[in-house]
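This report concerns only the one structure given below.
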4 protein chains.
Amino acid sequence: MNDDSELNEPSPRVTKGALTRTAIMQAAKRVIAIDGFAGMKVADVMAAVGKSPGAFYVHFKSKEALLHELLAVFQHRLRVEVNAPLRADEDPSAHLENRLRTFWRIYREDWPIATAAFQMSMADKQFARAWHNIRQQGIRGFAAVVRAAQKSGGSVGLDPELVASAVTSMIEYACYNWTAATGDFPDRFIDDETAIGVLSHLVLQALRGSEVPLNQ
Amino acid sequence: MNDDSELNEPSPRVTKGALTRTAIMQAAKRVIAIDGFAGMKVADVMAAVGKSPGAFYVHFKSKEALLHELLAVFQHRLRVEVNAPLRADEDPSAHLENRLRTFWRIYREDWPIATAAFQMSMADKQFARAWHNIRQQGIRGFAAVVRAAQKSGGSVGLDPELVASAVTSMIEYACYNWTAATGDFPDRFIDDETAIGVLSHLVLQALRGSEVPLNQ
Amino acid sequence: MNDDSELNEPSPRVTKGALTRTAIMQAAKRVIAIDGFAGMKVADVMAAVGKSPGAFYVHFKSKEALLHELLAVFQHRLRVEVNAPLRADEDPSAHLENRLRTFWRIYREDWPIATAAFQMSMADKQFARAWHNIRQQGIRGFAAVVRAAQKSGGSVGLDPELVASAVTSMIEYACYNWTAATGDFPDRFIDDETAIGVLSHLVLQALRGSEVPLNQ
Amino acid sequence: MNDDSELNEPSPRVTKGALTRTAIMQAAKRVIAIDGFAGMKVADVMAAVGKSPGAFYVHFKSKEALLHELLAVFQHRLRVEVNAPLRADEDPSAHLENRLRTFWRIYREDWPIATAAFQMSMADKQFARAWHNIRQQGIRGFAAVVRAAQKSGGSVGLDPELVASAVTSMIEYACYNWTAATGDFPDRFIDDETAIGVLSHLVLQALRGSEVPLNQ
DNA sequence: TATGAATGAGTGTTCATTCAT
DNA sequence: GATGAATGAACACTCATTCAT
C-alpha cells in the first residue's frame with residue numbers, strides 16, 4: 001500500500017536539498033583536510049560537489065556557519081558515542097579502552113573538523129567557545145575515569161582535570177599526526193588497532209597505581 | 001659624554017637594523033599567539049614594533065620567510081637544549097624529566113611558532129617539511145629513551161616511534177592547552193612545576209615496565 | 001454543488017493568478033516602503049505573499065517590469081483623479097484645493113512607488129522617462145492653475161512651469177516626509193486634514209496676487 | 001624665512017594622501033549624481049581618480065563611511081552658512097532670501113550627497129538618523145523664521161514645524177528637479193538667479209499675512 | 001633604513017533569474 | 001500556477017607586497 005509509494009519515490013525525508021547539504025559537508029571536510037579551514041575556498045568545495053558557488057548559500061549562511069554545523073555534528077557524535085557511562089559490570093580498564101577506541105574512530109574520521117575548530121578558536125571568540133566546550137566535554141569524561149583510578153591508587157595527587165586534559169591532548173593530536181598526510185609518518189599507514197593499542201597502553205599505564213621507577 | 005653613550009651601546013654588530021629585526025620576530029610571536037599565523041597581518045606586527053608596514057620587507061623577504069626564520073631559531077633551541085645526550089651517570093628517569101622540562105620551557109615560550117608551523121604545514125609543502133623535521137627531531141630523541149625503557153621491561157612490544165610521537169604530541173598540545181588564552185583552562189594559571197610534574201609523572205608511568213591492571 | 005461553488009467564486013476574470021499578481025504588487029509596495037526599490041528582494045516580496053521566489057516570474061517578467069506596472073497604475077490614478085478639468089462653476093481656490101487633496105491621497109498611499117521611480121530614474125533611462133512623464137503630467141496640470149492665477153494678478157512674472165514644478169515638489173516630498181517612518185516626524189502622526197490644510201494654505205498664499213512684505 | 005620653505009614645498013598640511021582623499025570625495029559626488037549611491041561602484045570612483053580600487057580603503061573604511069564623511073561636510077556647510085542668525089538690522093524678508101540663497105547654492109553643488117543620504121535613509125538606521133539630523137537642522141532654522149512671520153500675522157494657525165518641513169522639502173526637491181540631468185527640465189538650464197527668484201517669491205508669499213482669495 | 005600611499009589579485013557573499021519537477 | 005534548488009555574474013573588501021620619496 002504505502003509501501004509501494006515508498007518504494008517508488010525517493011524517501012520523503014531525503015530531499016534533494018538535504019543531499020546537497022550533506023555532500024557539501026563531506027566535501028568541506030576533504031578540502032579542510034588539505035588546505036585548512038582558512039585556506040578552504042567556498043568555490044572549491046562547491047566544485048567538488050559539482051555545483052556553482054552560489055548554491056553554497058542556499059544551504060549555509062556563511063563559511064563560518066558551515067563549520068559551526070560540522071562542529072555540532074562532531075560534538076553530538078562525541079557526546080553520544082564516547083561519553084557512554086560506565087556500566088556496573090564493566091571493567092574500568094575495558095571501559096577506558098572502549099572510550100578511547102570510540103574517541104579514536106570519530107577523530108580519525110573528523111580530524112579536519114577538529115583542526116579547523118582549533119585554528120579558528122585562536123582568532124574567533126565564537127569558535128573559541130565552541131571548541132572549548134567540545135574539549136571540556138571530553139575532559140570531563142576522562143577526568144571521571146581518572147578519579148576512579150585514583151581511588152584505586154593511580155596517579156595519586158595529580159589534578160584529574162590536568163591529567164584528563166593531557167590525555168585527550170595526546171589522543172587528539174596523535175590522531176592527527178598518525179592520520180593526516182602531513183603528519184609524523186607520511187610513508188606509513190597506521191591501522192586502527194595498532195594506534196588504539198599504543199594509546200590505550202600508554203593511558204592505562206599512566207593511570208596505574210604503583211610507582212615503580214623507570215629503570216629498575 | 002658621547003663616549004659614555006657609545007660605551008653603553010650594544011656591540012657594533014648589533015646594528016639598528018638587527019634590533020628592528022629582533023623586535024619584529026618578537027612582535028610576530030605575540031600577534032600569532034592572538035590571531036594565528038594566517039590571521040597575522042604584517043601591518044599589525046609592524047604597528048606593534050612602531051614602524052611602517054613597508055619596513056618589514058627591509059628585514060624579511062616575505063611573511064613566510066619570517067616564519068621560516070622563527071622556526072629555524074625554534075628548532076635550534078630544541079636541538080641544542082632538549083637533545084642533550086644521556087650522560088653515563090644520569091638516572092634515566094631524571095634524564096627524561098630533564099628533557100621534558102626543557103621541552104616544556106621552550107614550548108611555553110614559543111608555542112605560537114609551533115602552532116603557526118602546524119597550521120601552515122597543512123597547506124604548504126615547505127612548511128610541511130620544516131615542521132616534520134622539527135617533530136622528527138623530538139621524536140627521535142624520545143624514541144631513544146623509549147628504547148632504553150624497553151630494555152628495562154617498559155612498554156614492551158610497542159613501536160618506539162609511535163610511543164615517542166604520542167608522548168611529544170601530549171607534551172606539545174598540552175602545553176598549548178595549558179598556556180594559551182583559548183586553551184582548556186582560561187581562568188586558571190598553571191605554573192611550570194605543576195605542569196612538568198603532571199606530564200613527567202604521566203610519561204614515566206606510561207613507559208614503566210610492570211602491567212598492573214587499572215582497577216586492582 | 002459545483003454550480004454553487006462557481007456562484008460563490010469571484011467573477012471568472014478574477015482568476016487565482018490575477019489575485020496573486022495583485023498580492024505581489026501590494027506586497028512590493030510595502031517592501032519598497034521599508035527597503036527602497038534597490039533593497040527590495042524578490043524573495044522577500046514573495047515570502048510576504050506566501051509563495052516561492054520562482055512564482056514571481058509567472059506574473060512579472062522582471063523586477064523592473066513590476067515597477068513599471070506599479071508606475072502605470074500610479075500614473076493612471078493621477079491622470080484620472082487629479083487632473084479633472086476645472087468646471088465652469090468651480091471656484092479656482094476650491095479647485096486647487098481639490099486637486100491637491102486628491103494628489104495627497106494618492107501619494108499618501110503610493111509614495112513607495114514614487115520613491116522607487118525617483119531612485120531608479122537616476123540610473124535607468126527607461127525609468128527616467130517614465131518618471132519624467134508622471135512628473136510632467138502633474139506639472140502641466142498645476143501650471144494651468146498657475147496661469148489662471150496669474151491672470152488674476154498672482155505670481156506675476158514667474159515661469160508657470162517652474163512654479164508648478166516647485167509646488168508639486170513640495171507636495172510630493174512633504175508627503176514622503178510626513179508619512180514615511182524615516183521622515184521628518186517619526187514620533188508624530190500627521191492626519192490628512194492637517195497635512196492638506198497646511199499644504200493648500202501655503203500653495204494658495206504663494207499663488208496669490210498682492211505683494212505685502214513679510215514683516216509689515 | 002619660513003615663508004621660503006612654504007613656497008618651495010607643498011604646504012605641509014596638504015599631504016599626498018589628503019589630496020587623494022579629497023579627489024575621491026569629489027569623484028564620488030559625480031558618480032553618485034549619475035548612478036545613485038547604490039549604483040556607485042568603488043572601482044568606478046577610483047577609476048575616475050586614476051587609482052586602483054584598493055586605494056579607496058586607504059582613505060575610507062567602507063563605501064558607507066565615505067558617504068558619512070560627505071554628509072558630515074555637507075551638514076557642516078549647512079550649519080555654518082545657512083543657519084546664520086538674524087541680525088538686528090536685517091530685514092526679515094531679506095534674511096529669508098539670504099538663507100534660501102545659501103541653501104540653494106549648497107544644494108546645487110551637493111545634491112548628490114543629499115539624494116544618496118535620502119536613499120540610504122530608507123534602508124539603513126544610521127543614515128536615517130544622520131539624514132534626519134540634517135533635515136531637522138534646516139527645519140529648525142526655517143521654523144524660527146516662520147514663527148517670526150506669524151508674529152507679523154503670516155501663516156497664522158499653521159504648525160511652524162510642518163510649514164518649515166514643507167518649505168525645505170520644496171527647496172530641496174526643486175533643486176534636484178531643476179539641476180539633475182534626470183530632473184524636470186532636461187533640455188533647459190535654470191540659472192541660479194531664476195531659481196532663487198521663483199523659490200523666494202513663493203516662500204515669501206506663502207508666509208505672508210493677509211488672506212486674499214486666489215481669484216479676486 | 002624607513003615611510004606610507006598605492007597596487008591588484010583574490011574571495012566571500014548577494015540576488016535576480018531559470019528550470020526541472 | 002507553483003516550487004525551491006541552482007545559477008553565475010557582480011561587487012565590496014582584504015592584505016601581502018612594492019616603490020618613489
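Throughout, a chain's letter reflects where its sequence line sits, starting with A, and its residues are numbered from 1.
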Evaluate the ring planes of B/Phe118 and A/Phe118, with Trp represented by its six-membered ring, and classify them as parallel (under 30°), tilted (30 to 60°) or perpendicular (over 60°).
-> tilted
Looking only at heavy atoms, the pair that brings D/Ser121 and D/Ala128 closest together is O-CB, 3.4 Å
Could you give the CG-to-C1' distance, from D/Leu19 to E/dG4, as a whole number of Å?
-> 15 Å
For C/Val31, what residues pass the side-chain contact (heavy atoms from CB on, under 4.5 Å) criterion, not counting sequence neighbours?
-> C/Asp35, C/Met40, C/Val45
Give the stems involving DNA chain E, where a stem is 3 or more consecutive Watson-Crick or G-U wobble pairs (i with j, i+1 with j-1, and so on) under 3.5 Å.
-> E:2-21 with F:2-21
Specify the separation, in whole Å, of atom CG of D/Asp124 and atom P of F/dA12.
-> 16 Å
Residues B/Phe56 and B/Lys63: closest non-hydrogen pair is CE2-N, 3.9 Å
Closest approach of A/Val42 and A/Pro53, non-hydrogen atoms and distance?
-> CG1-O, 4.2 Å
What residues in residues 35-44 of chain C put a non-hydrogen atom under 4.0 Å from any atom of DNA chain E?
-> C/Met40, C/Lys41, C/Val42
Measure all distances between protein nitrogen or oxygen atoms and nitrogen or oxygen atoms of nucleotides 4-6 of chain F, and list the pairs falling under 3.5 Å.
residue	atom	partner	partner atom	Å
F/dA6	OP1	A/Thr20	OG1	2.7
F/dA6	OP2	A/His59	NE2	2.7

Find which nucleotide of DNA chain E each of B/Phe56 and A/Tyr57 is nearest to by heavy atoms, and output the residue with the more 5' nucleotide.
-> B/Phe56
Looking at B/Ser62 and B/Tyr57, what are the two nearest heavy atoms and their distance?
-> CA-CE2, 4.0 Å
Which heavy atom of B/Ala28 sits nearest a heavy atom of B/Leu70, and at what distance?
-> CB-CD1, 4.3 Å
Other residues, nucleotides, ligands: >12 heavy atoms within 6.0 Å of D/Glu64 CD | yes
Results of side-chain contact (heavy atoms from CB on, under 4.5 Å) for D/Ala47 - residues two or more places apart only = none
Comparing D/Lys61 and C/Met46 on DNA chain F - which has the more 5′ nearest nucleotide = C/Met46
Length of the NZ-P vector between C/Lys63 and E/dC15, whole Å | 9 Å
Using 30° and 60° as the class limits, which term best fits the ring planes of B/Phe74 and B/Trp131: parallel, tilted or perpendicular?
-> parallel
By ring pair (Phe, Tyr, Trp, His ring centres under 6.0 Å) - contacts of A/His59 (at least two apart) = none
Grab the CZ-P distance between A/Phe60 and E/dG12 for me, whole Å please.
-> 15 Å
